[in-house]
Enquirer: 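Got a structure here, written out as structure tokens. Questions coming.
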Number of protein chains: 2
Amino acid sequence: MDNERREEAVTILRKAGFRATEPRLLVLSFLQNAKYPVSIQEIVAGMGNKSIHQVTVYRILHALKHAGIVTQVDFRHGRSYYELRDEQHDHHHIVCVKCGRVEDFVGCDYERLAAKALKQARGFATIVSHSLELFGMCNTCSKRKVRAA
Amino acid sequence: MDNERREEAVTILRKAGFRATEPRLLVLSFLQNAKYPVSIQEIVAGMGNKSIHQVTVYRILHALKHAGIVTQVDFRHGRSYYELRDEQHDHHHIVCVKCGRVEDFVGCDYERLAAKALKQARGFATIVSHSLELFGMCNTCSKRKVRAA
DNA sequence: AGTGTACTTGCAACTCATTTGCATCTAGAA
DNA sequence: TTCTAGATGCAAATGAGTTGCAAGTACACT
């Protein structure tokens, strides 16, 4: 991990009231480098020579999630995936049902959606979060499917 | 189960190429009467004197899901919930993060969303499904929270 | 820089949803 | 009524995620 990133990670942790421990810095660094949400297993496997126990990764992610530093998403793979929270863009994911490939998209129009939902669900006072995933077929798998048919 | 409903369930099953067995009819009936998505455990518990093995319920729901008769949703409770698919309305759910209460809402504007996403995710050819859940606080829990604060 | 303590980690064992193998059973076609 | 592919029940396995506890360490305070 380069020093700049490391310092950034230390700051993030301290601000949230966490100690800047080695396992936490490693997990944060891994998330910073990840292009798409990663699973606990991928994080553990990606630690290389510096091994972190799986339980520790669970606990770290649980804490970071509560602190609003990471978000958890469900791709219907029977496990959770995590990524750093992007405060600028409320982005979501589109997942290939064949190969699991993931891409981002923005524009879910959350404000309008929440307002519309609250108007219909009279028993609800507020909306605090949302989850949205699209499932589709990537170009590669799409071609393969046509050929196979 | 009244006979009308039962006949309807038999028809649904036969049309999808399934045998109209007692466990399947019971599960379908349970789903027809449910106001909101139910878990496997709720289904098993709700069978009363006619017990169905949990594994059987899993297999039935798996089959019905593939046949497009039921849909599976994730309320972040660590288990899946199922409901009959509503072909007329593409509805979604708003879930109370405190007590688990659920209400429906419509108007996710799926067509527009899918088109927008496909324009951004250049690696994807088609979108086949989507999941959307809102998480909030119901009126009761909302009041309770304020009082506690 | 040294020390103490509250916060962290690692390990083992556990919980709980979901899946699988297999023997038995049965819906519905012949 | 008979036959058989498809269903079910039971037991055991799988795998994600959690918990209790002893040992380790970041960092606040000398």
Side-chain angles (χ1 to χ4, degrees), chain A residues 6-7 9-30 37-67 69-82 100, chain B residues 6-7 9-30 37-67 69-82 100:
Chain A
R6 189 186 179 88
E7 277 317 307
V10 169
T11 306
I12 291 174
L13 288 172
R14 294 262 174 79
K15 262 192 191 162
F18 296 120
R19 288 187 183 172
T21 65
E22 194 60 22
R24 284 178 181 151
L25 291 172
L26 286 169
V27 169
L28 264 186
S29 152
F30 192 84
V38 293
S39 66
I40 303 272
Q41 291 74 13
E42 285 172 311
I43 295 174
V44 171
M47 286 300 113
N49 50 343
K50 326 209 167 178
S51 92
I52 307 181
H53 199 282
Q54 205 175 38
V55 171
T56 302
V57 179
Y58 273 105
R59 288 197 267 230
I60 289 174
L61 289 174
H62 186 261
L64 294 181
K65 188 176 71 169
H66 267 80
I69 296 167
V70 309
T71 59
Q72 181 177 10
V73 291
D74 172 29
F75 291 161
R76 295 182 182 170
H77 292 166
R79 71 184 71 169
S80 290
Y81 289 78
Y82 300 85
Chain B
R6 191 187 178 88
E7 278 317 307
V10 169
T11 306
I12 291 174
L13 288 171
R14 295 261 173 80
K15 263 193 188 161
F18 295 120
R19 286 187 185 172
T21 65
E22 194 62 21
R24 282 176 182 152
L25 291 171
L26 286 169
V27 169
L28 263 186
S29 152
F30 191 85
V38 293
S39 66
I40 302 272
Q41 291 75 12
E42 287 171 311
I43 295 173
V44 170
M47 286 301 113
N49 51 345
K50 326 209 168 179
S51 92
I52 308 181
H53 200 281
Q54 204 174 38
V55 171
T56 303
V57 179
Y58 272 104
R59 287 196 268 232
I60 289 174
L61 288 174
H62 186 261
L64 294 181
K65 189 177 70 167
H66 268 81
I69 296 167
V70 310
T71 59
Q72 182 178 8
V73 291
D74 171 30
F75 290 160
R76 296 181 181 170
H77 292 168
R79 69 183 67 170
S80 289
Y81 289 77
Y82 301 84

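Chain naming here is simple, since letters A, B, ... match the order of the sequence lines and numbering starts at 1 in each.
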Enquirer: Hey, is the side chain of A/R19 pairing donor to acceptor with the base of C/dC7 inside 3.5 Å?
Expert: yes
Enquirer: So how far is it from A/R79 CZ to A/Q41 CD, rounded to the nearest 0.5 Å?
Expert: 4.5 Å
Enquirer: Taking CG from B/L26 and P from D/dT8, how many angstroms apart are they, rounded to a whole number?
Expert: 11 Å
Enquirer: Rounded to the nearest angstrom, tell me the gap between atom CG in B/L13 and atom P in C/dT26.
Expert: 18 Å
Enquirer: Could you state the NE2-C1' distance from B/H77 to C/dC16, rounded to the nearest angstrom?
Expert: 16 Å
Enquirer: So B/Y81 and B/H77, would you call those rings parallel, tilted or perpendicular, with 30° and 60° as cut-offs?
Expert: perpendicular
Enquirer: To the side chain of A/I60, which of C/dT9, C/dG28, C/dT18 is closest?
Expert: C/dT9
Enquirer: Which whole-number value in Å describes the distance from B/M47 CE to D/dG9 C1'?
Expert: 16 Å
Enquirer: Tell me which one of B/T11, B/L25, B/L26, B/L28 satisfies side-chain contact (heavy atoms from CB on, under 4.5 Å) with B/R6.
Expert: B/L25
Enquirer: Starting at NZ of A/K50 and ending at P of C/dT9, how long is that distance when rounded to a whole Å?
Expert: 15 Å
Enquirer: From CZ of B/R14 over to P of D/dA7, roughly how many Å is that when rounded to an integer?
Expert: 12 Å
Enquirer: Kindly compute the distance separating CG (B/L61) from OG1 (B/T71), expressed to the nearest 0.5 Å.
Expert: 10.5 Å
Enquirer: Nearest whole angstrom, please: distance from the C1' of C/dT15 to the CZ of B/R79.
Expert: 12 Å
Enquirer: Counting only side-chain heavy atoms from C-beta out, which of D/dG17, C/dA17, C/dG10 sits nearest to A/H53?
Expert: C/dG10
Enquirer: To the side chain of A/S80, which of C/dG28, D/dG17, D/dG9 is closest?
Expert: D/dG17
Enquirer: Quickly work out the A/L61 CG to C/dT8 P distance and round it to whole Å.
Expert: 14 Å
Enquirer: Under 3.5 Å, is there an N or O donor on one side and an acceptor on the other linking the side chain of B/R59 and the base of D/dG6?
Expert: no
Enquirer: Can you work out whether B/I40 or B/A20 has the more 5'-proximal nearest nucleotide on DNA chain C?
Expert: B/I40
Enquirer: If you check the B/R24 side chain, which of D/dA7, C/dT18, C/dG10 turns out closest?
Expert: D/dA7
Enquirer: Taking 4.0 Å as the cut-off, does a side-chain nitrogen or oxygen of B/Y58 come that near to OP1 or OP2 on C/dT18?
Expert: yes
Enquirer: Starting from the 5' end of DNA chain D, give me the residue, B/Q54 or A/T21, whose nearest nucleotide shows up first.
Expert: B/Q54
Enquirer: Give the nucleotide from the list C/dG28, D/dT25, C/dT19 with an atom nearest to the side chain of B/V55.
Expert: C/dT19
Enquirer: Hey, what do you get for CD1 (B/I43) to OG1 (B/T56), rounding to the nearest 0.5 Å?
Expert: 12.0 Å
